[in-house]
Amino acid sequence: MTVKSYFDSLDYGPAPESRAQVDDWLNSHGGTFGHFIGGDFVRTKGGKTIDAFAPATGEKLATIANGSKKDADAAIKAARDAQGDWEALGGHGRARYLYALARHIQKHSRQLAVLESLDNGKPIRETRDLDIPLVARHFYHHAGWAQLLEEEFPEHEAIGVAGQVIPWNFPLLMLAWKVAPALAAGNTVVMKPAEFTSLTALRFAEICQEVGLPAGVFNLVTGAGETGAAVVSGKVDKVAFTGSTDVGKVIRRTIAGSGKKLTLELGGKSPYIVFEDADIDSAIEGLVDAIWFNQGEVCCAGSRLLVQEGIAERFYAKLKARMEGLRVGHSLDKSIDVGAVVDAVQKERIEGLLKLGADEGAEIWQTPCELPDTGVFLAPTLVTSVGPDNILMREEVFGPVLTAMTFRTQQEAVALANNTRYGLAATIWSESIGRALEVAPAIKAGVVWINGTNMFDAAVGFGGYRESGFGREGGREGMLAYLKPRYEAGLKDYAPIPAPADIAKPKAGSGLVGVDRTAKLYIGGKQARPDGGDSLIIADAKGGYAGTASRGNRKDIRNAVEAATKAAGWAGTTAHLRAQILYYIGENLSVREREFTDRLRALTGVSAKKAAEEVAHAVDRWFTAAAYADKFDGQVHSPPMRGVALAMKEPVGTIGIQCPDDAPLLAFTTLVSHAIAMGNRTVVIPSQRFPLLATDMYQIFDTSDLPAGVVNIVTGTEDELLPALASHLGVEGIWYFGTADGSAEVERAAAENMKRSWVNYGKAYDWYDVGQVAGPALLERAVEIKNIWVPYGDANEGGKSY
Amino acid sequence: MSDTTTINQGTGFQPDWLDGIRINKSAIERRTATIVTRRSVKKEAQTAWQLKAVSCIDLTTLMGDDTPGRVRRLCGKAKRPVDPALLRAFGMDDLKLTTGAVCVYHQMVPTAVAALEGSGVPVAAVSTGFPAGLAPLETRLEEIRRSVAAGAREIDIVITRGHVLSGNWQALYDEVRSAKEACGAALMKTILATGEHGNLTQVAKASVVAMQAGSDFIKTSTGTEAVNATLPVSLVMVRQIRDFYDRTGMRIGFKPAGGIRTAKDAVNYLILMKEELGRRWMEPDLFRFGASGLLSDIERQLEYHATGAYSATYRHAMG
């Protein structure tokens, strides 16, 4: 091409980024890589290997090791050996290493960007301007957390060895998101990158050597799914996984009951809502960042476009015109918008989904752009004429495919946005601040972007609701995912208190009976007879007959969850109102202190003093929960932009609670009061041995103006009730205090809809210790953090001329 | 629709076209920050784009100390903006490269017309009480008529910013409309002076009203506001041009002015035009730079392309 021909065509022409430095690096390793264990690259004799390809050309880049269980175990051992010294190094010592990692990433930013782009197929512009700068930012930010660890998290310690498994869409960035907080908190790491994209992780391992990171602090085992499974099920203390929801569920089930801490960052089908009062051209440009960024291979991609009916026709026309301007090409071409799909397997998957969608009636439009002859490419795709039932509206495509439909009103937009199993992210376009800030909290998603999309920062937590996983990465909440409270190590074993084998029957003719008392279930603010019409006989402390409790069954659990779901308005009440009601419950309990003291003594056999103490603590706990209702607030983050990110604490939703047998009044009170203080609704299974202390409370709830359905109590046997509660798909969280086996059962059952589970793994909490089970330590379990990004600005002060 | 541009006769005042206009500043800035990182123009293409930029320059002098001598020198540069030896090096000998126009005050129009005779380079006159535009309407319109009579083929008018700031779109329409009538067959470029608008939504609305009233180009700035052409303001304006074309089939030109000094700036503006409006808007009949210092930087870059050695300013003929 000559100057003359360009003068006529004004085409862009080729603008390839040089890959010489990357080729030099690959050659310096002979194109073959082992694992990185204990500070060295190691090759396993006779070990299996995987070839790494450049998806833009199909060219083979390197051969990497396909790790075995033995390799994974060796890496875990190296990490275990290194952990004590690493944690003992202290916050400042670790901060120095994290700072050095951040600096070295910047110093090699170009090489890393080119390597990532080659290996993954994504545009060099994105690795250069987004991935790698965010990686450095993440290490800087977490150098800071390491520095401040002792001050900011005084009652916490490192979890131990973290096993981390990451996907191929943002290889080095996902590594940073996992490694930086883990190391900052004093954990050591075994990382398993995706088999398609391990090269930047290997380069990172080398950087760890360059900065002199102590051997074994960071270990890398490459390989495919089985290698990841070996890491997850090895002797690690913490598992962090980013990837598909299906695999996330498998991991949840696999490690259920093991006591390993878990964070899951899974799939999404994030809504992208455009209201008629939006800046339409900007909203269309935002879609380029939402769904054609990284070829749409983004867990939080705005893949479900919801556009208001009045502007839909014009919007689609403009959108298609914009799509026609997208350039698809080689990942190292500096003038492309969309690169190669990571692998032919992924392309086939996407095309398969498109076909299914079309079979279900979807209209599929692809840009008539030129695609390179070699490599794995897909044209940007728009799907219309679909309803919420179409597979392309429901399932994550993980490709450059946007599925669009319209809505009429704001309420309908919110309903459609929430009509999904996922809850990772959402985008809202509207120039009305009232509308945008009303919609943001209404959407079930961990991240909400207003008038922008796909904004990320290390200081702002990232993670999902629902089946998009749990736990957050980034920010304070992200640090908590790599720390555990110090008291945990000292917890004693939990011992259930069995009912006596024989309960003495009341004798006939023993005199005038008192008025018969009936403890019913408490569902939807009403005392309800159990569906089965059965009762359990409850013994007093001496094995005598104390009365009966209703024997609930699955249907009672179902009804209770339904009542709790209907009480969703509780979350929308003001914190002040919730506080008033909780104080009032405490007040009314205190009026009946004597009665509860007597009941405790009779049922549990504790001394009068001890019983009085438990009741007094229970009153105190209602006050504590009430006090926090309007004080356990969110934060305002200042990410590097003109704007704020509002970290809002939202209730988890409906929480199922299985109470322990010890301290039956205080444990019930503690758990329920803190849960509802944050706006959650509860379905409570009281201690099977001492249910009457819970049922005695419902009269107090009734007289304290607690709205119907906020607390629901189903008494009965754990065996019968717990499976129904733990597997109920309408329950968002589950707290379990019982045996180790029960804990495992709950975690397994919770996997299907990704309930936020908190189980005691058969350990006994001290219900009198406010550091363990009251205040913030407990409230953190009762909330989800949603980060709402609000860029702002309107004044024309000239903007930024570049 | 014909591919050639014709004079915009206007659409009449259509206030409802303004209703849906909302501009989000953060999103605009995000787009302009990335539009220039999404595209890269290198080697032969870069040379070609820089030559195209030269052809789109309204070579401008608007100083109180302008003299006929100064204007004649500028016209000489406009007729032959790039050393023919460089053009030869690029195989572009037969390219009759000139700047888009020469832009002067009314007083200098006759000098410029004479100096450019036969070159095909039009003379543009800034008018209507440039730069503040607050002279009496009659004298502003008379100024247009006199410049046209003196041979100016293009008139760069300024608007009353107060109409924008107070949202008096009817008044803005009427003002621009009467200027249009005074221009007759001359090409009218309407300077919005966006640096004196309160926000980008006002910029967008003023753009639309100016086009409705018959502007052939909309132009960012006089060059004397505190803030002149920026990519964000330009993005807002070119998107209104796109919508206007979608509604009417009429192509309106765009002229960023003030502060564009480097070849890199110029290429970035061309990228903006290509991405948002398309190839057709990269020709001088629809795109101009209002600039005085830009040309010398482009010349230095062109010499670098031709020789491989970085150049120095004094090696190129000054305008």
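Everything numeric in this text was worked out from a predicted model, so none of it was measured. First the proteins, then the strands, lettered A, B, ... as listed; each starts at 1.
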Given heavy-atom pairs under 4.5 angstrom as the criterion, report whether the side chain, backbone, both or neither of [X] touches chain B.
X        : answer
A:Glu276 : backbone
A:Ser5   : neither
A:Pro123 : neither
A:Asp333 : neither
A:Asp129 : side chain
A:Ile336 : backbone
A:Arg327 : both
A:Ala317 : neither

Working to the nearest 0.5 angstrom, can you tell me the gap between [X] [atom1] and [Y] [atom2]?
X        : Y        : atom1 : atom2 : result
A:Asn796 : B:Leu200 : CG    : CG    : 5.5 Å
A:Asp794 : B:Lys25  : CG    : NZ    : 7.0 Å
B:Ile23  : A:Glu431 : CD1   : CD    : 8.5 Å
B:Glu275 : A:Glu285 : CD    : CD    : 8.5 Å
A:Ser9   : B:Arg279 : OG    : CZ    : 7.0 Å
A:Phe293 : B:Thr34  : CZ    : OG1   : 11.5 Å

Is the number of heavy atoms from other residues, nucleotides or ligands within 6.0 Å of [atom1] ([X]) greater than 12?
X        : atom1 : result
B:Arg80  : CZ    : no
A:Ile433 : CD1   : no
A:Glu370 : CD    : no
A:Glu324 : CD    : yes
B:Arg247 : CZ    : yes

Among A:Tyr6, A:Trp429, A:Tyr12, the residue with the most heavy-atom pairs under 4.5 Å to chain B is A:Tyr12
Winner by heavy-atom pair count (cut-off under 4.5 Å) against chain B, out of A:Asp289, A:Asp277, A:Val288:
A:Asp277
Among B:Lys52, B:Glu196, B:Arg242, B:Lys42, single out the residue with the greatest number of heavy-atom pairs under 4.5 Å to chain A.
B:Lys52
When only pairs under 4.5 Å are counted, which of B:Lys274, B:His305, B:Met282 shares the most heavy-atom pairs with chain A?
B:Lys274
Heavy-atom cut-off 4.5 Å, strictly under: side chain, backbone, both or neither for [X] against chain A?
X        : answer
B:Asp243 : side chain
B:Gln202 : neither
B:Arg30  : side chain
B:Ile271 : both

Identify whether NZ of Lys or CZ of Arg in A:Lys4 sits under 6.0 Å from the centre of the six-membered ring of B:Phe90 and within 45° of that ring's axis.
no
What I'd like to find out is whether the side chain of [X] reaches to under 4.5 Å of the side chain of [Y], using heavy atoms alone.
X        : Y        : result
B:Leu270 : A:Leu10  : no
A:Ser282 : B:Arg239 : yes
A:Arg642 : B:Ser26  : yes

Please check: side-chain N/O of B:Trp49 versus main-chain N/O of A:Asp11, any donor-acceptor pairing under 3.5 Å?
yes
CA sep, side-chain torsions, deciding dist, call: B:Arg39, A:Asp337, salt bridge (charged side-chain N to carboxylate O under 4.0 Å, His left out):
CA-CA 9 Å; B:Arg39 299 290 181 263; A:Asp337 299 298; 2.5 Å; yes
